[in-house]
Number of protein chains: 2
Amino acid sequence: MRGKRSQRATITSVARLAGVSTATAGRVLGGYGYSSQEVRARVKESAEALGYRPNRLARSLITGKTKTIGVVAGDIQSPFYAGLLRGIDDIVRGTDFGILLTNSDEQLDREVEAVRLLVEKQVDALIVAPSDLVVAGHLHDVVATGCPVVQIDRVVKGLRADAVMVDNVTASRGCTRELIQSGHHRIGILAELERWEGGDVDDFIDAVTGGSVSQTSLFPSWQRLFGYWRAHSDAGVPFDRSLVARVGAYSGDAAEEAVRGLLESPDRPTAIFSTDGLMSSAVMVVVNEIGMSVPDDLSLVCFDDLDWMTFHQPPISAVVQPVNEMGKAAAKLVLERIDGLQDEPRHIALAPDFIRRGSILAVGDGASA
Amino acid sequence: MRGKRSQRATITSVARLAGVSTATAGRVLGGYGYSSQEVRARVKESAEALGYRPNRLARSLITGKTKTIGVVAGDIQSPFYAGLLRGIDDIVRGTDFGILLTNSDEQLDREVEAVRLLVEKQVDALIVAPSDLVVAGHLHDVVATGCPVVQIDRVVKGLRADAVMVDNVTASRGCTRELIQSGHHRIGILAELERWEGGDVDDFIDAVTGGSVSQTSLFPSWQRLFGYWRAHSDAGVPFDRSLVARVGAYSGDAAEEAVRGLLESPDRPTAIFSTDGLMSSAVMVVVNEIGMSVPDDLSLVCFDDLDWMTFHQPPISAVVQPVNEMGKAAAKLVLERIDGLQDEPRHIALAPDFIRRGSILAVGDGASA
DNA sequence: TTGTATGCGTTATCAT
DNA sequence: ATGATAACGCATACAA
């Protein structure tokens, strides 16, 4: 029996009803000081009778802690971010932390706005998927105030903050090697490849070949291209620039267009490595459209294991990112930092799994199983 | 040039630097009172120099508004809730409202906990997908305090609060009719069908036949069963209880088991209506497992249009819920209520689309296109 | 137009 | 163990 009228009960009203001071009422309700059995009972009873709910705002104002974690996701609707969020929530649930969620659409200006809002709302920490790996003054500012920041999925150049990501290079290198070992020498790679401050794909390959590129502060799709390149280099298979389909935008239409370019070319690839869930759907659309069949006409390996890849005929080989674990790792890091952990920024790189399924056809002479 | 040291600037420090009172500084920084050009400039300059950021906590404590909307989702990771969230954010972005997100996993106790947290954090409104349509004291309590509540996807019996949902009955009735008109008279329905206070499927059908069931406060899967029943009734096709595959839990494994029961029965259905995305995947898994083919061996219609349904061979017919629009509608309602809109609770039912694709085979004699 | 004084609901620091 | 009282950072009524 509570809820009462419209006016919410405060510590003051509870104290009055219980016949104690607000200080005493605060101690028992907040559970932070001394109090006698008798008083404790009386206060709790009064609180119950009035339907008292603590006002965390007031508490936060004085403690300086809001018990709230700000999250800046790229696109909540994508399975990747949804999975991250789920992982974060799994860790946070049970604590009395809340998640303040914002969406950047991978655009810097929106991210800046989002961070500003979160900071003004006094979040205790920030989990962010940075939109720009070079210009990030807003994030440096947050770090400078002492508010813990955990980067997710990618890391800003020179930002002294924790990070949780996946080892894209190793994963891509591994699954490209699978294709090569199955006899494929012309493997198309379909990748977003936006925003690299060093220039375009050719510049990137030059930089990579010249050894002057740091793997760390690269967007995932560039890292995956890098892994693809290394697998070729490892196996002594020549790298053909024309097999790199750069989508250049994060849109299904653009991806389909890029796939058409790849598959309609005179010496088209015998396999495709699709570096992202959105890209993978695009591959399927175009493959159907052209009337090709996987793996007879085209072998396929995808980054991100979407549900349909399991029951597609044939099932599609995929790199599965541990999205929930990434979210959990980020949340744990955040909680540790809030608890005062003071060591150097940590970069945690989780290892994706590769699941080989029926979408890879062995071709040529010495094809291994 | 800001950020400064660890101490955050306050109105007081800005006022001191600008040589004005805190009230004056507050007026220009908060933009709510009179101030002269000259003072305004000086204060803003000081604020900039100190890297002043308003503390919304303090503001909220006094205004009584946090500019925060609490959201209780079922499972953030599902495309449905992710889509809702995206819609909500689309509306909220640009305003200085924040979204405080929690996850109930469709369990009442977790929902109660979540709501408690949100209320203590003083959210200005609540958007919630209720886990229980009958026992919801926590929601009644919130409504009683005057905090706007918008139910999403389903509506609690007797709760005086807005709601945004989809017209499940009409949609299911429509797509079941499509199957019937294509000559299917044995249509299996795969549905979660948990938690109906009236009992099990037989009781439900009895109640439906007897006209004693209210469509409103039913979980979506029951409403979809209802639409399926009505389509049969409309067409004079006998309703066969054995064609109702009740999954009873929200799990892929359970769904697959239910599909097997349907497809391995001696007089198995010629078509299946799958009432949910998770169920649809289960259908595909089992269909492949058994070696059947859609639509030759089995026609298929699904509630929820997942990405793979477009490029599956053949493409799968689907009911597409306007998830983003639902989220947007809920968020708009919330903002209106916060602005003081005081009329009766509104129930907004959006109409899903049906997209007929190649997964329906016309059978029997008078099959229509 | 500006400044003074109070209060929002808590926690924290002292006394007692 | 308890109570008076001062914060926290801001907004607001009112006086100047």
Side-chain angles (χ1 to χ4, degrees), chain A residues 4 6-44 46-47 50-68 96 119-124 145, chain B residues 4 6-44 46-47 50-68 96 117 119-124 145 147:
Chain A
K4 287 284 164 274
S6 46
Q7 289 292 31
R8 298 238 251 258
T10 74
I11 277 204
T12 313
S13 53
V14 172
R16 190 168 37 224
L17 180 60
V20 297
S21 73
T22 65
T24 303
R27 275 188 287 258
V28 8
L29 294 173
Y32 52 81
Y34 296 94
S35 53
S36 66
Q37 288 284 5
E38 186 220 6
V39 166
R40 213 173 312 161
R42 213 162 67 235
V43 169
K44 284 185 174 170
S46 308
L50 295 175
Y52 170 78
R53 299 278 121 210
N55 182 334
R56 291 186 187 249
L57 247 51
R59 176 180 299 170
S60 296
L61 187 57
I62 183 164
T63 61
K65 264 83 188 54
T66 52
K67 298 260 180 190
T68 302
D96 49 354
V119 165
E120 292 185 1
K121 284 184 179 295
Q122 311 291 123
V123 296
D124 290 341
T145 67
Chain B
K4 286 286 163 278
S6 46
Q7 290 292 30
R8 298 239 251 257
T10 75
I11 276 204
T12 313
S13 53
V14 173
R16 189 167 40 223
L17 181 59
V20 297
S21 71
T22 64
T24 303
R27 275 187 286 257
V28 9
L29 294 174
Y32 50 81
Y34 296 94
S35 52
S36 66
Q37 287 286 3
E38 186 222 6
V39 166
R40 212 174 312 160
R42 211 163 69 235
V43 170
K44 284 186 172 170
S46 308
L50 295 175
Y52 169 78
R53 299 278 122 210
N55 182 335
R56 291 185 186 251
L57 247 51
R59 177 179 299 171
S60 296
L61 188 57
I62 179 167
T63 61
K65 264 81 187 56
T66 52
K67 298 258 179 191
T68 302
D96 48 355
L117 186 69
V119 165
E120 293 184 0
K121 284 184 180 293
Q122 313 290 124
V123 295
D124 291 340
T145 66
C147 171

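The sequence lines fix the lettering, A, B, ..., with proteins before strands; numbering per chain opens at 1. Since we're looking at a predicted model, the values are computed, not measured.
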Item checked: Between D:dA7 (P) and A:L57 (CG): distance, integer Å -> 21 Å
Checklist line | Results of side-chain hydrogen bond (donor to acceptor under 3.5 Å, both in side chains) for B:R40 - residues two or more places apart only | finding: B:S35
Notebook entry, point to check: Relative to the 5' end of DNA chain C, which residue comes earlier, B:G19 or A:L61, by the nucleotide with the nearest heavy atom?
Noted result: B:G19
Checklist line | Between C1' of D:dC8 and CZ of B:R56, the distance in whole Å | finding: 18 Å
Notebook entry, point to check: Do B:R42 side-chain atoms and B:A18 backbone N/O form a donor-acceptor pair below 3.5 Å?
Noted result: yes
Margin query: Categorize B:I11 for me: base, sugar-phosphate, or nothing, with a 4.0 angstrom heavy-atom threshold over every strand shown.
Written below: sugar-phosphate
Item checked: Given A:R56, A:R59, A:K67, the one that forms salt bridge (charged side-chain N to carboxylate O under 4.0 Å, His left out) with B:E120 -> A:R56
Notebook entry, point to check: Going by atom types alone, do B:T68 and A:K121 pair a side-chain donor with an acceptor below 3.5 Å?
Noted result: yes
Item checked: CZ-SG distance between A:R8 and B:C147, expressed to the nearest 0.5 angstrom -> 6.5 Å
Next item on the list: Heavy atoms of chain B, cut-off under 4.0 Å: which first and last nucleotide of DNA chain C, 5' to 3', fall inside that, if you could look?
Entry: C:dT1 to C:dG9
Item checked: Whole angstrom value for the distance that separates P of D:dG3 from OH of A:Y34 -> 17 Å
Item checked: Minimum-distance nucleotide (side-chain atoms of B:R27 versus D:dC10, D:dA13, D:dG9) -> D:dA13
